[in-house]
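Here is the structure we will look at, set down as structure tokens.
Just the heavy atoms: all of them, side chains too, but no hydrogens, waters or symmetry mates, feed the values below. Below, chain A is the first sequence line, B the second, and so on; all start at residue 1.
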Number of protein chains: 2
Amino acid sequence: MARQRLRQEDIVRAAIAFIDEFGVQSLSMRRLGMSLEVEAMALYNYVSGREELVSLAVDELIDDLFDDELMQEQPASWEAFLRFVANAMRDLALSHPRMFPLMITQPPEAPWLRPPLRSVRWVDYFLTTLQDYGFSDERTVDAYKAFTSFLLGHLVLEVSAMGIDIASEIDDDAGGGESEGLGDYPTLRRLQTMLADDHSDREFDDGLDDLIERIRATKDA
Amino acid sequence: MARQRLRQEDIVRAAIAFIDEFGVQSLSMRRLGMSLEVEAMALYNYVSGREELVSLAVDELIDDLFDDELMQEQPASWEAFLRFVANAMRDLALSHPRMFPLMITQPPEAPWLRPPLRSVRWVDYFLTTLQDYGFSDERTVDAYKAFTSFLLGHLVLEVSAMGIDIASEIDDDAGGGESEGLGDYPTLRRLQTMLADDHSDREFDDGLDDLIERIRATKDA
DNA sequence: ACCTGAACACCGTTCAAGT
DNA sequence: ACCTGAACACCGTTCAAGT
């Protein structure tokens with residue numbers, strides 16, 4: 001049969017593709033094996049089990065982001081750096097909406113690694129860069145905390161608004177069922193279209209501007 | 001045997017207790033049945049399946065928060081209201097750390113319901129209250145978006161820092177394994193203790209103060 | 001009306017056996 | 001060294017049967 005040797009990375013990438021398409025709940029060792037034209041049990045030569053596989057999938061995505069986007073060029077300022085990281089992470093979240101909940105939900109390597117920046121390599125790079133731009137230790141840590149908290153809040157909301165059901169592969173009732181039974185909630189009914197208006201891009205940029213403004217204000221205080 | 005009749009609410013509360021203790025991944029219909037001294041298959045008379053059960057568990061917690069905390073008294077100002085809701089939600093998240101990821105990860109009733117305020121009743125009440133304090137339509141919606149995004153960011157991070165593994169019931173390697181292999185990351189190593197310092201309470205309060213300040217600044221603009 | 005027990009089609013994972 | 005096939009202990013869910 002001239003079967004090619006499996007490699008852990010191929011398995012992990014297949015898992016990411018599978019989760020992107022069908023959701024984690026649908027990922028089984030047997031089905032993933034099928035997609036790789038191998039018996040499920042062969043996967044155990046490369047990963048210790050399903051749990052580790054999911055964890056590796058998350059790590060892979062985070063590492064990709066680091067390698068592809070960041071090591072390229074040095075940004076011109078710390079503001080540009082924050083914008084760059086924020087937008088790269090946002091692109092990642094929006095292009096893998098079924099993976100993103102796992103990124104923030106899997107336990108990080110250490111409790112002081114805050115999602116979605118969840119690897120020592122990443123966080124060290126982030127902190128070092130800020131320090132290179134003259135941030136003190138205190139301000140570096142403050143900025144890291146404010147930045148992660150901002151990023152997380154926005155991205156979870158954006159992904160959630162995509163209506164992805166991380167649990168099932170089929171949406172029973174897709175589409176924007178509008179004002180179903182909102183009769184008892186007049187305020188909600190009146191504001192509904194404003195709430196549904198999607199200004200994610202602008203909200204994200206404005207929030208980021210705000211954050212940068214606040215960091216700037218305390219940077220040299 | 002004088003078996004008591006099951007009720008859906010008892011099943012849902014048992015599911016919450018089970019998830020709190022062991023995590024969602026450990027919840028099975030058979031095990032939950034055992035904890036209620038009933039065969040698993042009896043549960044299907046009250047819930048359509050495991051998926052609905054988890055969804056009901058999330059709703060139950062959100063409803064509890066609404067009933068227990070909010071309907072009590074009218075707060076003295078919109079600032080007091082926001083603080084009240086924020087702290088109530090934070091208490092809920094911290095006392096059910098294994099449920100919280102489900103609250104933000106389950107698809108909401110409508111995509112414009114932003115977690116963790118994920119019920120029409122809740123959101124209508126929130127919006128109505130702000131309007132009672134003189135917020136215009138635009139400012140109400142802006143405040144709602146800023147508030148949910150703030151709350152989500154902070155709470156996800158706090159829960160994540162608790163190191164809860166939503167996937168498994170046993171932590172292989174619990175405890176604060178400190179500076180394992182941080183040799184290649186000097187910045188991280190130096191800032192590690194500052195990062196690990198838990199100032200969640202202060203960060204939350206400061207962030208909330210900030211948010212309220214920003215909302216105040218635009219309220220009558 | 002509600003619960004049970006057996007059954008079905010799946011899981012994750014182990015392990016002896018093949019090559 | 002790596003993959004397979006059978007096996008084990010579990011799942012969620014259906015359904016006929018009991019009471």
Practice task
Identify which nucleotide among D/dT4, D/dG12, C/dT13 has an atom closest to any side-chain atom of B/S28, counting heavy atoms from C-beta outward.
Solution key: D/dG12
Handout entry: B/T140 side, atom OG1; B/F126 side, atom CZ - distance, nearest 0.5 Å
Key = 9.0 Å
Handout entry: Side-chain donor or acceptor of A/W122 paired with backbone N/O of A/I62 under 3.5 Å
Key = yes
Practice task
May I have the distance from A/R50 (atom CZ) to C/dT14 (atom C1'), rounded to whole angstrom?
Solution key: 18 Å
Practice task
Check whether any side-chain nitrogen or oxygen of A/N45 sits under 4.0 Å from OP1 or OP2 of D/dC3, and answer yes or no.
Solution key: yes
Problem - A/Y46 vs A/R30, nearer the 5' end of DNA chain D by closest nucleotide - result: A/Y46
Fill in the blank from the handout: Atom CZ of A/R7 and atom C1' of D/dA1 are separated, to the nearest Å, by 17 Å
Fill in the blank from the handout: Separation between CG (B/L155) and CG (B/L94), nearest 0.5 Å, reads 7.0 Å
Practice task
Kindly express the pairing pattern of DNA chain D in dot-bracket notation, using | wherever a base pairs with another strand and counting only Watson-Crick or G-U pairs under 3.5 Å.
Solution key: ||.|||||...|||||.||
Problem - Intermediate values then yes/no, ring pair (Phe, Tyr, Trp, His ring centres under 6.0 Å), B/Y125 and A/Y185 - result: CA-CA 8 Å; B/Y125 173 68; A/Y185 303 105; over 10 Å; no
Problem - Basic-acidic side-chain contact under 4.0 Å: B/E109, B/R118 - result: no
Handout entry: d(CG, B/L32; P, D/dC10) in whole Å
Key = 17 Å
Problem - Atom-pair distance (CD on B/E51; P on D/dC11), nearest Å - result: 18 Å
Practice task
Tell me what B/L43 touches on the nucleic acid: a base, only sugar-phosphate, or nothing, going by heavy atoms under 4.0 Å.
Solution key: nothing
Practice task
State whether the side chain of B/D10 and the backbone N or O of B/L6 hold a donor-acceptor pair below 3.5 Å, judged by distance alone.
Solution key: no
Exercise for the section: Please report, rounded to the nearest Å, how far the P atom of D/dG12 is from the OH atom of B/Y44. Expected result: 6 Å
Exercise for the section: Before accepting this row, confirm whether a basic side-chain N of the pair B/E21/B/R98 lies closer than 4.0 Å to the acidic partner's carboxylate O. Expected result: no
Handout entry: Flag, side chain of A/R114 to backbone of B/S160, donor-acceptor distance under 3.5 Å
Key = no
Problem - Minimum-distance nucleotide to B/E39 side chain [options: C/dG5, D/dT4, C/dT13] - result: C/dG5
Practice task
Would you tell me if any nitrogen or oxygen in the side chain of B/R31 comes within less than 4.0 Å of OP1 or OP2 on D/dC11?
Solution key: yes
Fill in the blank from the handout: Rounded to whole Å, CE of A/M34 lies from P of C/dC10 at a distance of 10 Å
Practice task
Looking at every strand, decide which applies to A/L27 at a 4.0 Å heavy-atom threshold: base, sugar-phosphate, or nothing.
Solution key: sugar-phosphate
Practice task
Without swapping roles, check the side chain of B/Q8 against the backbone of B/Y46 for a donor-acceptor pair under 3.5 Å.
Solution key: yes
List every contact pair, protein side and nucleotides 15-18 of chain C side both N or O, where the distance is under 3.5 Å.
none

